[in-house]
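Heads up: numbering here begins at 1 and tracks the sequence. Bear in mind that the values here come from a model prediction, so they are computed numbers and not experimental data.
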Amino acid sequence: MAVGRLSGAWVRQVLAEVYPDGVVRRALLDHFAALLVSKRSSRGAKGRLARRLYGTLLKLQRRGLIHQEDGVVRSLAVAAKARGKVPPLLSVPLERLLFKAMLAEDGQGDGHTATTLRDARRTFLAEAIAAGWTTEAAATVLGITAAQAGQVLEGW
């Protein structure tokens, strides 16, 4: 599998040419999996591809080149620069929790219930806030609004 070739430029090109109106993140993963994962690929190849794709999408979102909300990825024509605000860096544990939340949102991984999604989001938000992030920054990285993040954290 040639996951190393999954670059931000290629992802942006696919979003602009194939999905100009936006695409569900799971469908984007399936698109790249059809191109990069063959029958001869080792087990877990699609999961490794998902990890690489989600990381690339996060980098593009930080640069203001794409927008992710509720699992839908949209390409932005012009980069939206944050005015003097630099998004916090993801530590390795937070990156893992974000990956689990995205998998739960896409209906992959262990369990496909709304409870699993809520728990994964809650865990990521709680750990991010404990690490010094604002609720708004954590919600933006997760692809939900600050109000939705407040609702997720409310029952905890």
Side-chain angles (χ1 to χ4, degrees), residues 3 6-16 18-33 44 46-156:
V3 177
L6 186 63
S7 66
W10 187 24
V11 172
R12 286 186 62 211
Q13 178 185 5
V14 168
L15 286 172
V18 180
Y19 304 107
D21 297 327
V23 62
V24 177
R25 192 172 42 237
R26 174 68 187 256
L28 186 62
L29 173 61
D30 291 340
H31 174 85
F32 283 110
K46 189 171 180 181
R48 288 189 298 277
L49 177 64
R51 183 173 299 275
R52 180 69 68 119
L53 176 64
Y54 292 169
T56 302
L57 291 174
L58 183 61
K59 288 176 191 173
L60 291 173
Q61 182 178 357
R62 283 185 177 160
R63 292 182 195 150
L65 300 172
I66 65 167
H67 177 69
Q68 297 185 73
E69 186 170 342
D70 292 328
V72 177
V73 180
R74 289 186 177 84
S75 179
L76 300 176
V78 179
K81 297 283 183 181
R83 293 178 184 89
K85 292 187 178 181
V86 176
L89 294 176
L90 277 174
S91 63
V92 173
L94 281 179
E95 190 172 342
R96 285 185 186 132
L97 292 174
L98 178 63
F99 180 70
K100 288 178 182 178
M102 287 181 171
L103 281 178
E105 188 174 314
D106 290 348
Q108 299 178 24
D110 296 332
H112 304 300
T113 64
T115 305
T116 306
L117 173 61
R118 186 187 67 240
D119 291 344
R121 284 180 172 175
R122 183 179 292 155
T123 304
F124 173 77
L125 289 169
E127 290 297 322
I129 291 169
W133 290 40
T134 63
T135 305
E136 294 79 18
T140 300
V141 168
L142 197 53
I144 60 175
T145 64
Q148 289 173 323
Q151 291 174 350
V152 168
L153 289 172
E154 198 171 90
W156 206 11

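Note that CZ of Arg25 and CG of Asp30 are 12.5 Å apart. Values are rounded to the nearest 0.5 Å. Here the straight-line distance linking atom CZ of Arg96 with atom CZ of Phe124 works out to 14.0 Å at 0.5 Å rounding. To the nearest 0.5 Å, atom CG of residue Leu103 and atom CZ of residue Arg26 are 9.0 Å apart. Between atom CZ of residue Arg52 and atom CG of residue Leu49 there is a gap of 9.0 Å, rounded to the nearest 0.5 Å. Considering CD of Gln151 and CZ of Arg118, their distance stands at 12.0 Å, rounded to 0.5 Å. Remark: Lys46 NZ to Arg51 CZ distance equals 15.5 Å, nearest 0.5 Å.
The two residues Leu58 and Gln68 come nearest to each other via the heavy atoms N-NE2, 4.1 Å. Taking both residues in full, the closest heavy atoms of Met102 and Val141 are given as CE-O, 4.3 Å, listed atom of the first, atom of the second, then distance. Of all heavy-atom pairs between Ala149 and Thr135, the closest is CB-CG2, 4.0 Å. Annotation for Leu29 and Leu53: closest pair CA-CD2, 3.6 Å, computed over non-hydrogen atoms. Here the closest heavy-atom approach between residue Ala101 and residue Ala120 is recorded as CA-CB, 3.7 Å. Between Leu94 and Leu90, the closest heavy-atom pair is CB-CD2, 3.7 Å.
The aromatic rings of Trp10 and Phe32 sit perpendicular to each other, their planes meeting at more than 60°, with 30° as the lower class boundary.
Arg74 has no carboxylate O lying under 4.0 Å from a charged side-chain N of Glu69, or vice versa, which leaves the two without a salt bridge.
When side chains are defined from C-beta on, Leu98 does not count as touching Tyr54, because their heavy atoms never get closer than 4.5 Å. The closest side-chain heavy-atom distance from Tyr19 to His31 is below 4.5 Å. Considering only heavy atoms from C-beta on, Asp119 stays 4.5 Å or farther from Thr116 through its side chain. Using a 4.5 Å heavy-atom cutoff, the side chains of Ile129 and Leu153 are in contact. Between Thr140 and Gln61 there is a side-chain heavy-atom pair separated by less than 4.5 Å. Residues Val72 and Val23 are not in side-chain contact: their nearest non-hydrogen atoms beyond the backbone lie 4.5 Å or more apart. Using a 4.5 Å heavy-atom cutoff, the side chains of Leu15 and Leu28 are in contact. Looking only at side-chain heavy atoms (C-beta outward), Leu76 and Leu65 stay at 4.5 Å or farther from each other.
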Handout entry: Derivation and outcome, side chain to side chain contact (heavy atoms under 4.5 Å, CB included), residues Ile66 and Leu57
Key = CA-CA 8 Å; Ile66 65 167; Leu57 291 174; 3.6 Å; yes
Exercise for the section: Dump the intermediate steps for salt bridge (Lys or Arg N to Asp or Glu O under 4.0 Å) on Glu105 and Arg121, then the final yes or no. Expected result: CA-CA 9 Å; Glu105 188 174 314; Arg121 284 180 172 175; 3.1 Å; yes
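Side-chain atoms of Gln148 come within 3.5 Å of backbone atoms of Thr145 as a donor-acceptor pair (strictly under, hydrogens ignored).
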